[in-house]
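Scope of the values below: all heavy atoms of this structure, side chains included, with no hydrogens, waters or symmetry mates. In each ligand, atom 1 is the first atom listed, and ligand 1 is the first ligand listed.
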Amino acid sequence: MTDAAEQKMRFMFALRSKGVTDTRVLSAMERVDRGLFVRGLFAARAQEDVPLPIACGQTISQPSVVGLMTQALEVGPRDKVLEVGTGSGYQAAVLSFLARRVYTIDRHRRLVREAEEVFRQMDLTNITAVAADGTRGLPEQAPFDRILVAAAAEDPPGPLLAQLRIGGIMVLPVGQSGAVQTLLRVLRTESGFDYQELRPVRFVPLVEGIASE
Ligand code: SAH
């Protein structure tokens with residue numbers, strides 16, 4: 001077996017052993033080379049199940065956490081999905097194999113630009129990346145069937161709850177930045193919202209407003 005094939009096998013094994021069992025999620029993750037989304041020094045570690053630094057002081061999430069969040073989101077092939085926190089673009093690329101359409105927002109223009117380059121390189125034509133403040137959602141494309149937030153807020157932002165379709169699901173980390181946070185799954189019902197706590201996680205904070213680069 002080549003080194004690359006062995007690395008991929010270990011990568012997929014790590015996902016399964018941490019509880020990513022949904023076969024659609026696993027096959028989407030098998031198709032996305034995480035190495036394309038990590039630049040510079042850390043690129044050599046892209047196949048490890050660890051978060052890694054990316055530009056603008058941000059991080060690409062741990063693959064097993066990407067898998068568990070994607071699994072909890074229960075994305076269907078006709079779904080329109082919003083991701084808040086594009087970062088490297090890795091999570092959006094995984095979602096693009098499961099959904100009809102993916103909108104992804106980051107407050108750092110540079111991250112949006114770099115992620116768009118990789119989407120083009122991979123020929124992922126169903127992703128739209130936008131440089132904007134994701135705490136406000138993307139009202140012009142709402143409502144969304146699914147919303148995934150990749151940065152931690154103290155509470156689910158009101159505009160995101162409002163932009164979730166009835167029957168829609170949102171997965172997001174909530175809690176103080178720097179502390180251990182809780183991954184939350186929110187289901188919008190006819191009469192309100194059902195909340196389910198999934199597991200402890202650690203994410204960079206959701207910061208209001210657009211960044212300077
Ligand atoms: N999903 C990413 C990891 C995201 S890290 C990946 O797969 O690589 C969290 C990201 O959230 C960072 O890039 C940060 O810039 C972004 N972020 C933080 N606050 C934000 C906000 N208000 N609006 C949009 N993006 C935000």
Side-chain angles (χ1 to χ4, degrees), residues 15 20 25 28-29 31-40 42-43 45-70 72-73 75 81-99 102-119 122 124 127-139 141 144 146-160 163 170-178 181 183 201-213:
L15 295 178
V20 185
V25 174
M29 292 185 75
R31 292 165 79 174
V32 182
D33 177 6
R34 189 168 181 251
L36 295 174
F37 297 89
V38 185
R39 294 166 192 235
F42 291 97
R45 301 189 57 191
Q47 305 304 323
E48 294 176 29
D49 189 27
V50 291
L52 294 169
I54 56 171
C56 304
Q58 303 302 315
T59 50
I60 176 172
S61 311
Q62 186 176 351
S64 55
V65 172
V66 169
L68 291 169
M69 287 177 80
T70 309
L73 205 60
V75 183
V81 182
L82 173 67
E83 182 199 19
V84 175
T86 311
S88 68
Y90 177 68
Q91 169 79 74
V94 171
L95 290 169
S96 81
F97 284 100
L98 297 164
V102 178
Y103 293 89
T104 181
I105 319 180
D106 205 287
R107 62 190 291 278
H108 287 282
R109 271 181 281 270
R110 174 175 169 192
L111 293 175
V112 168
R113 217 170 40 236
E114 292 183 354
E116 281 178 319
E117 272 173 37
V118 187
F119 301 152
M122 290 182 69
L124 302 178
I127 310 179
T128 304
V130 184
D133 178 2
T135 61
R136 296 159 183 261
L138 201 57
Q141 297 298 339
F144 296 95
R146 299 290 184 263
I147 300 179
L148 186 153
V149 187
E154 295 201 5
D155 296 297
L160 297 183
Q163 289 171 33
M170 170 155 68
V171 173
L172 80 168
V174 291
Q176 310 274 331
S177 71
Q181 305 133 2
L183 192 62
V201 282
R202 205 180 265 273
F203 273 84
V204 297
L206 190 69
V207 178
E208 270 186 47
I210 186 131
S212 58
E213 71 157 349

Do me a favour and list the nearest non-hydrogen protein atom to [atom] with residue, atom name and distance?
atom: atom 8 (O) of ligand 1; answer: Ser88 OG, 2.6 Å
atom: atom 21 (C) of ligand 1; answer: Val207 O, 3.4 Å
atom: atom 12 (C) of ligand 1; answer: Gln58 OE1, 3.2 Å

Min heavy-atom dist Thr86 to ligand 1 below 4.0 Å: yes
Min heavy-atom dist Ala132 to ligand 1 below 4.0 Å: yes
Donor-acceptor contact below 3.5 Å, side chain [X] vs main chain [Y]:
X: Glu83; Y: Leu148; result: no
X: Glu213; Y: Cys56; result: no
X: Arg34; Y: Glu48; result: yes

Should [X] be counted as touching ligand 1, given the test is an N or O pair under 3.5 Å?
X: Gly85; result: yes
X: Gly134; result: yes
X: Arg107; result: yes
X: Ala150; result: no
X: Glu208; result: no

Numbered atoms and elements of ligand 1 in range of Leu111, under 4.0 angstrom, heavy atoms: 13 (O)
Thr59 neighbourhood, listing ligand 1 atoms whose heavy-atom distance to it stays under 4.0 Å: 3 (C), 4 (C), 5 (S)
Shortest reach to atom 10 (C) of ligand 1 by a heavy atom, considering only Asp106, Ile105, Val84: Asp106
Quick one: does ligand 1 sit under 4.0 Å from the side chain of [X], the backbone, both or neither, non-hydrogen atoms only?
X: Ile60; answer: both
X: Gln91; answer: both
X: Ala92; answer: neither
X: Pro205; answer: backbone

Geometric class of the Phe144/Tyr103 ring pair [parallel <30°, tilted 30-60°, perpendicular >60°]: perpendicular
More than 12 heavy atoms of other groups within 6.0 Å of Gln141 CD: yes
